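Letters A, B, ... are given to chains in the order of the sequence lines, protein chains preceding strands, and every chain is numbered from 1. Here the structure is a predicted model, which means the values were calculated and not measured. As a basis for the values below, the full set of heavy atoms in this structure was taken, side chains included, without hydrogen atoms, waters or symmetry mates.
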Amino acid sequence: MLHNLKKNLFEILVKIDKNIMINIDDIEVETLFDKRGDFTTNSALKFSKIYNSNPKQLANLIIENLKINDFEKVEIAGPGFINFTLKDETFNSQLINNKIEFKNTDKVNIEFVSANPTGPLHLAHGRGAVVGDILSNLFEYFGHKVTREYYVNNTGNQINEFLSSILYSISNKNNLSLNENQFYKGDYINDIANYCYENFKSLFNKELSPSDRINIVNFAIENLVNQTIQTLGSAGINFDEISYETNIMEKEYLPLILEKLNQSELIYKGQLNAPKDYTGTQKDNDLTIFKSTLFNDDEDRALTKNDGSPTYFANDIAYHEDKYQRGYNKLINIWGADHLGYLKRLSSAITSLHPEIDFSVVFCQIVNLKRDNKIQKLSKREGNIFELKNLINEIGVDNFRYFMSYRKNDTHMDLDIDLIKKENKENPIYYIQYSYARTQSVLDKTNKIIETQLLVTSELKNLYKKLLEWENVIKSAYQKKEVHLIAHYLESLSSYFHTLWSSSKNNPKAKFLDKDNNISSDLHKLLCNYQNILKDGLKILGIKPKLQM
RNA sequence: GCGCUUGUAGCUCAGUAGGAUAGAGCACCAGAUUCCUAAUCUGGGGGUCGCAGGUUCGAUUCCUGCCAAGCGCGCCA
């Protein structure tokens, strides 16, 4: 219906002046839920200038050309809105056709979580995980072939420090006097240390060789990665591809990348300000530097370190080159807010190499944990972290997924754990599920589907109109990559259902079932439609509807 | 100091690629259950959309400045 109206308006506007180029997607039709009508468009306001007219004149012109069979009333309101009121008889099973016409079968690579493999997942990773998974579901809903990808940064200083921390723990516990430092703290380090010691006991009889050390740390990393995969898997989040930084390095993309960037005159040899803990002399070696200031970055960025080895940035470019080589033109990364400053350099490098790549990043802001009405102070450095698996265990998968995705991804969020654990109306997910259970109970009790006249009440109309919005909402969530819109819509939709349900308290004729438990075919289709949309929406969120509560 | 994100009701947050009277939940007050599930519904109070300018027919939305909170500001990852 909404789409038809849009199309109708579009055709009229084209007919009015064939020389004016407008796009059908520029036409906005919104749903109204009050006395003004059922739908509204601001087209006359929006286009009056390019039609060399004034809003009210253009509105009149549009109305003159409108096929008005379906409408009870069409009127100009305010500065030039056109408000449409549908005839009552239009509200029937024909009204809703919520098949999504738009399909796009392109391959998409969505990379998310990608936590450093030096510790267990904690609260902050949870948001990225849920948002990434739901976004993947959403892209699949629109036909894309989605690869959910996880990246393991298993090189660099952090890995040395991780190993050192493990050996420190082993040394302490077993009186080995290994000369190691403690960088990471926490029970999990001791657990992994024990595990490593049990597995490699014989190695500790003599001094560890470099290859021994590599074996131990790889074992520890593998252990953590497996834990991570398991934790996320328990929340219904599964990956199609796990990429290791070391494997990407073996493919030796960097020389080709540097050559290509050099040809585009985007790199140079030179010096940058010395890093904080730098001990050598700056003139040891020239660095290879990417001119990211050309792309509005604050500074140019180093691709090689003083010792000639690649920086994290360089390896990350290679990683994205690898994604491209695997056939992905559409890359989406989910990052924490602490990487905001990293976006410009990476996106400019990627698009310099391959302008055809559609690269975008969805940022997830900080999540605070609130308990007993107080924000909990958590610090990873002190080993005082709230592990994600504990959170999921405490609140359950449905709550976890819902509450991590019902706030806009780039706003700061307080996760009130006491509120989530309440199983009542303060918790929106029960509200949504309850409406589904109500529809199911009607369907379960239905005797026969019969053809009768539909009683068109304002509550019924509102539910129909809300169902019509689904197509716009889901498309908007997809285009804007904003998954919270889905949860908000489902809550709102449920509300219209509960209102309709309750209206039968005062008006028994508004019930779905008659005395003989028969239902009109229109209402039956309405209920099925309602269930389908709720099911689709919940499925994208990764939540199963409850048939009974 | 610079950059990014955020600032909307007592609280938690929607809305804003310029549009009509700025919304929801919670909390507070008053009601609804012989009736398909009351885990629900109805009504009510509550707002200078951080502050100040600017752009125009119109700004919570765009621009500038300021204030506040968070994050980032390595050849770390």
| task | List in chain and number order the residues that pass ring pair (Phe, Tyr, Trp, His ring centres under 6.0 Å) with A/F400, two or more places apart in sequence or in another chain; answer none if no residue qualifies. | result | none
| query | Among B/A14, B/C41, B/A39, which nucleotide sits nearest the side chain of A/Y430? | reply | B/A39
| Residue A/M413, side-chain heavy atoms: nucleotide from B/U40, B/A14, B/C13 that is nearest | B/C13
| Which part of the nucleic acid, if any, lies within reach of A/Q548 when heavy atoms closer than 4.0 Å are counted: base, sugar-phosphate only, or nothing? | base
| note | Note, RNA chain B 5' to 3' with Watson-Crick or G-U pairs under 3.5 Å encoded as ( ), [ ], | and . gives (((((((..((((.....[...)))).(((((.......))))).....(((((..]....))))))))))))....
| task | Taking atom CG of A/D444 as the centre, report whether more than 12 heavy atoms of other residues, nucleotides or ligands fall under 6.0 Å from it. | result | yes
| Under 4.0 Å: is that the gap between some side-chain N or O of A/H339 and OP1 or OP2 of B/C4? | no
| What's the CZ-C1' distance between A/F497 and B/C41, to the nearest Å? | 13 Å
| Could you give the CD1-to-P distance, from A/I317 to B/A77, as a whole number of Å? | 14 Å
| request: Please state the P separation for the pair B/A59 and B/A52 - nearest whole angstrom. | output: 15 Å
| message | Please pick, from B/A14, B/A20, B/U5, the nucleotide with the shortest atom-to-atom distance to any side-chain atom of A/L340. | response | B/U5
| Within the pair A/R438 and B/A39, is there a side-chain N or O less than 4.0 Å away from OP1 or OP2? | no
| said: Using the side-chain heavy atoms of A/Y434, tell me which of these nucleotides is nearest: B/C36, B/U40, B/C76. | reply: B/U40
| Looking at residues at least two apart in the chain, or sitting in another chain, which of them share a ring pair (Phe, Tyr, Trp, His ring centres under 6.0 Å) with A/Y478? | A/F102, A/F139, A/F142, A/H144
| query | The side chain of A/S441 lies closest to which of these nucleotides: B/C36, B/C75, B/A77? | reply | B/C36
| said: Ignoring hydrogens and geometry beyond distance, is a side-chain donor-acceptor pair present between A/D286 and A/Q271 at under 3.5 Å? | reply: yes
| query | Of all the nucleotides listed (B/U37, B/C73, B/U5), which has the minimum atom distance to the side chain of A/Q365? | reply | B/U5
| message | If only side-chain N and O atoms count, and only distance matters, is there a donor-acceptor pair under 3.5 Å linking A/Q158 with A/Y312? | response | no
| query | P atom, B/G15 versus B/C2: distance in rounded Å? | reply | 30 Å
| field | Atom P, compared across B/U12 and B/A27: separation rounded to whole Å | value | 15 Å
| said: Output the rounded distance in Å from CG (A/L443) to P (B/U37). | reply: 11 Å
| query | How far, in whole Å, is B/U55 from B/U60 if one measures between their P atoms? | reply | 15 Å
| For residues A/T118 and A/N116, is any side-chain donor paired with an opposing acceptor at under 3.5 Å? | no
| remark: Residue pair A/N157/A/H498 against RNA chain B: nearer the 5' end by closest nucleotide is A/H498
| request: Determine the contact category for A/A77: base if any of its heavy atoms lies under 4.0 Å from a base atom, sugar-phosphate if only primed atoms, P, OP1 or OP2 are that close, otherwise nothing. | output: base
| Taking atom C1' in both B/G46 and B/G25, what distance in whole Å separates the two? | 15 Å
| P atoms of B/G44 and B/G23, separation to the nearest Å | 13 Å
| note | Whole-Å distance, A/Y342 OH to B/C4 P, equals 19 Å
| Nearest-Å distance for atom pair NZ/P, residues A/K49 and B/G58 | 10 Å
| said: Can you check the distance between B/C13 and B/G74, where both ends of the measurement are the C1' atom (answer in whole Å)? | reply: 37 Å
| Between A/S48 and A/N54, does a side chain to side chain donor-acceptor pair (under 3.5 Å) hold up when you go through it step by step? | CA-CA 5 Å; A/S48 64; A/N54 71 53; over 6 Å; no
| task | May I ask you to list the residues of residues 24-32 of chain A, by number, that have any heavy atom positioned under 4.0 Å from an atom of RNA chain B? | result | none
| message | Checking contacts here: which listed nucleotide (B/U6, B/C71, B/C11) is nearest the side-chain heavy atoms of A/T411? | response | B/U6
| task | For nucleotides B/G45 and B/A9, find the distance between their C1' atoms and express it as a whole number of Å. | result | 11 Å
| task | Take atom CG of A/L343 and atom C1' of B/A77, then tell me their distance rounded to the nearest Å. | result | 17 Å
| query | What parts of residues 500-518 of chain A reach RNA chain B, counting only heavy atoms under 4.0 Å away? | reply | A/W501, A/S502, A/S504, A/K505, A/K511, A/F512, A/L513
| query | With a 3.5 Å cut-off and no angle check, do the side chains of A/S494 and A/Y434 form a donor-acceptor pair? | reply | no
| request: Remember a base hit wins even if backbone is also touched, and classify A/R301 as base, sugar-phosphate or nothing at under 4.0 Å, heavy atoms. | output: nothing
| request: Specify the residue among A/Q479 and A/G156 whose closest nucleotide of RNA chain B lies further upstream toward the 5′ end. | output: A/Q479
| query | For A/K56, which contact category applies under a 4.0 Å heavy-atom criterion: base, sugar-phosphate, or nothing? | reply | nothing
| Across the strands shown, which category fits A/K344 at heavy-atom distances under 4.0 angstrom: base, sugar-phosphate, nothing? | nothing
| field | Per A/H412 side chain, nearest of listed nucleotides B/G70, B/U40, B/C11 | value | B/G70
| note | Rounded to whole Å, CG of A/D34 lies from C1' of B/A22 at a distance of 14 Å
| request: For the side chain of A/L287, starting at C-beta, report the closest nucleotide among B/U12, B/A77, B/C75. | output: B/C75
| query | Between A/T499 and B/U42, does any side-chain N or O lie under 4.0 Å from OP1 or OP2? | reply | yes
| message | Heavy atoms from C-beta onward define the side chain here; which of B/C75, B/C41, B/C36 lies closest to that of A/V442? | response | B/C36
| task | Taking only Lys NZ, Arg NE, NH1 and NH2, and the carboxylate oxygens of Asp or Glu, determine whether A/K323 and A/E149 approach each other closer than 4.0 Å. | result | no
| Can you tell me how far C1' of B/A17 sits from CG of A/L485, to the nearest Å? | 14 Å
| A/S309 side-chain N/O to A/K305 backbone N/O, donor-acceptor pair under 3.5 Å | no
| request: Flag yes if more than 12 heavy atoms outside A/E30 fall under 6.0 Å of its CD atom; otherwise flag no. | output: no
| message | Does B/A77 have OP1 or OP2 under 4.0 Å away from a side-chain N or O of A/K305? | response | yes
| task | Please determine, by modelled atom types, if A/E459 and A/T499 share a side-chain donor-acceptor pair under 3.5 angstrom. | result | no
| message | I need the full list of salt bridge (Lys or Arg N to Asp or Glu O under 4.0 Å) pairs touching residues 34-49 of chain A, with sequence neighbours left out, sorted by first then second residue. | response | A/E28-A/K46, A/D34-A/R36, A/D38-A/K465
| Anti or syn - B/A17, cut at 90° from 0 | syn
| said: Which heavy atom of A/S520 sits nearest to which heavy atom of A/T452, and what is that distance? | reply: CB-OG1, 3.1 Å
| query | How far apart are the C-alpha atoms of A/H320 and A/N333, what are their side-chain angles, what is the distance that settles it, and do they pass the side chain to side chain donor-acceptor pair (under 3.5 Å) test? | reply | CA-CA 10 Å; A/H320 287 83; A/N333 288 11; 3.0 Å; yes
| Candidates A/Q548, A/K445, A/Q531, A/K546 - the one meeting side chain to side chain donor-acceptor pair (under 3.5 Å) with A/Q440 | A/Q531
